[in-house]
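Counting convention: from 1, in listed order, for ligands and their atoms alike.
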Amino acid sequence: MASEAARTSLWDGPEPSPHTTLARAADLVVVAPATARLLAAYATGLADDLLVATLLATRAPVVLCPAMHSEMWDHPAVQANVATLGERGAHLVGPDEGTLAGGDVGRGRLAEPAAIVAACAGVLDGAEAGGHVDRAPVRDLDGLAVLITAGGTREPLDPVRFLGNRSSGKQGHALAAEAAFRGARVTLVTASAAAAPPGVEVQRVDTAAEMESAVLSHSDRADVVVMAAAVADFRPVQVATTKLHRREGLPEVVLEPTPDILAGLVTRRRPGQIVVGFAAEWGDPRPGARAKLATTGADVVVANDVSAPETGFDADTNAVVIVSASGMELNVGPSTKRDVARAVLDAVVAHRSVP
Ligand code: CTP
């Protein structure tokens, strides 16, 4: 990776107009930390240094990560500047509650680096993260631990063959990206080879049994568990230890059920924990969604029609019906998997607020 010199001045560089050069070259501008002075200068257009001049000159999205003492953050002048910049399209991340300079505690702490990275990835057009997000992060999952599963598990037949399904993991990865974007601490247990969304802790698994043990090892600490994975329902009883050869004749494959991870989660669910199940339906997903809510005991069920090309496995778009134990029924899409992820997490937030 090419390294760039740190620039501090409008005047001492080789080119006559460093702010416009930097502004045009940037895909994204991040200011971390953004001080009260920086917010004021940017809000009022006071371009008396290289940073503010670059911010005024750029047409790239801007992510601001304020950090200051609580009293300063609460001041109406700072709040007015933040509101102005937000209305103009700047993306704000933080500040967090926590330890401040000098040992004080309160709101004003710079957001965690992982949250800043996740927000930047969400703002940029990240295909792997589930699509472009042109909005400021609403940090309504701040501080929550969210566990998400993704991808289709593979059940081995022999060392080189498996029973699998066509799930790409894109919906689960988009959910992980969206949850991190909204401030959650996200653990993604994935059977998909898709890139990990930034700011997310990832555990890769292959089989339903591996997914079960990974999920159960994290679920006690999770406030929300989203089972977006297409977990195999059956697996071969016998797994050959060496490759099966054609000359040996047709193998007889006997199947057994895999562990039902969702059922295990519902049984162990602690008060306040929200469990979200998915349902891959063939045809109209609405009846199946309601039925799965009742049979699984999940708090929220998200069902899609995997018989349709735009909502099936491996598509870049999805259309779902979201139903909840609190009586919600919402149709979403067809739209990007990131937009579906957003609606699912909105449903989780709404369900959490029901007394
Ligand atoms: N699931 C699970 N463990 C399994 C199978 C599925 O936790 N062994 C979860 C999935 O992650 C999903 C939900 O259960 O959240 C429903 O999965 P789906 O495959 O749609 O439904 P099935 O339970 O397989 O029911 P059916 O085949 O009858 O549609």
Side-chain angles (χ1 to χ4, degrees), residues 146-156 162-176 179 187-192 194 203-220 222 224-237 255-269 273-308 311-315 318-325 337 340-341 343-345 347-348 351:
V146 176
L147 172 61
I148 296 171
T149 66
T153 61
R154 298 173 166 196
E155 308 304 324
F162 58 83
L163 294 182
N165 61 66
R166 296 187 187 280
S167 168
S168 63
K170 287 176 192 166
Q171 186 61 75
H173 282 231
L175 276 157
T187 304
L188 174 64
V189 175
T190 181
S192 160
Q203 188 165 349
R204 307 254 176 205
V205 296
D206 232 17
T207 63
E210 287 170 14
M211 182 166 279
E212 181 189 40
S213 84
V215 165
L216 296 185
S217 76
H218 295 290
S219 64
D220 287 348
V224 179
V225 186
V226 184
M227 282 297 303
V231 187
D233 288 313
F234 322 106
R235 66 184 170 202
V237 174
L255 301 174
E256 65 180 2
T258 52
D260 187 337
I261 306 171
L262 184 59
L265 284 168
V266 168
T267 310
R268 294 160 57 117
R269 179 174 42 194
Q273 188 181 51
I274 296 201
V275 176
V276 181
F278 269 62
E281 299 295 320
W282 198 261
D284 181 2
R286 277 169 300 184
R290 279 264 155 237
K292 196 137 281 180
L293 196 60
T295 54
T296 59
D299 300 287
V300 176
V301 164
V302 182
N304 64 337
D305 173 8
V306 291
S307 73
T311 61
F313 283 149
D314 207 21
N318 205 355
V320 300
V321 57
I322 304 173
V323 293
S324 79
K337 290 194 167 175
V340 170
V344 170
L345 294 175
V348 167
H351 188 74

| Crowding at CZ, Arg204 (>12 non-hydrogen neighbours, <6.0 Å) | yes
| request: Answer yes or no: is there a donor N or O on one side and an acceptor on the other, between the side chain of Thr207 and the main chain of Arg154, under 3.5 Å? | output: no
| field | Donor-acceptor contact below 3.5 Å, side chain Arg268 vs main chain Ser219 | value | no
| Within the protein, residues bringing a heavy atom under 4.0 Å of ligand 1, chain by chain | Met227, Ala229, Val231, Ala232, Asp233, Thr258, Pro259, Asp260, Ile261, Leu262, Gly277, Phe278, Ala279, Ala280, Lys292
| Is the backbone of Val231 close enough, under 3.5 Å, to the side chain of Thr153 for a donor and an acceptor to pair up by distance? | no
| Residue list, salt bridge (Lys or Arg N to Asp or Glu O under 4.0 Å) with Asp284, at least two apart or on another chain | Arg286
| query | Any sub-3.5 Å donor-acceptor pair from Thr258's side-chain atoms to Ala232's backbone N or O? | reply | yes
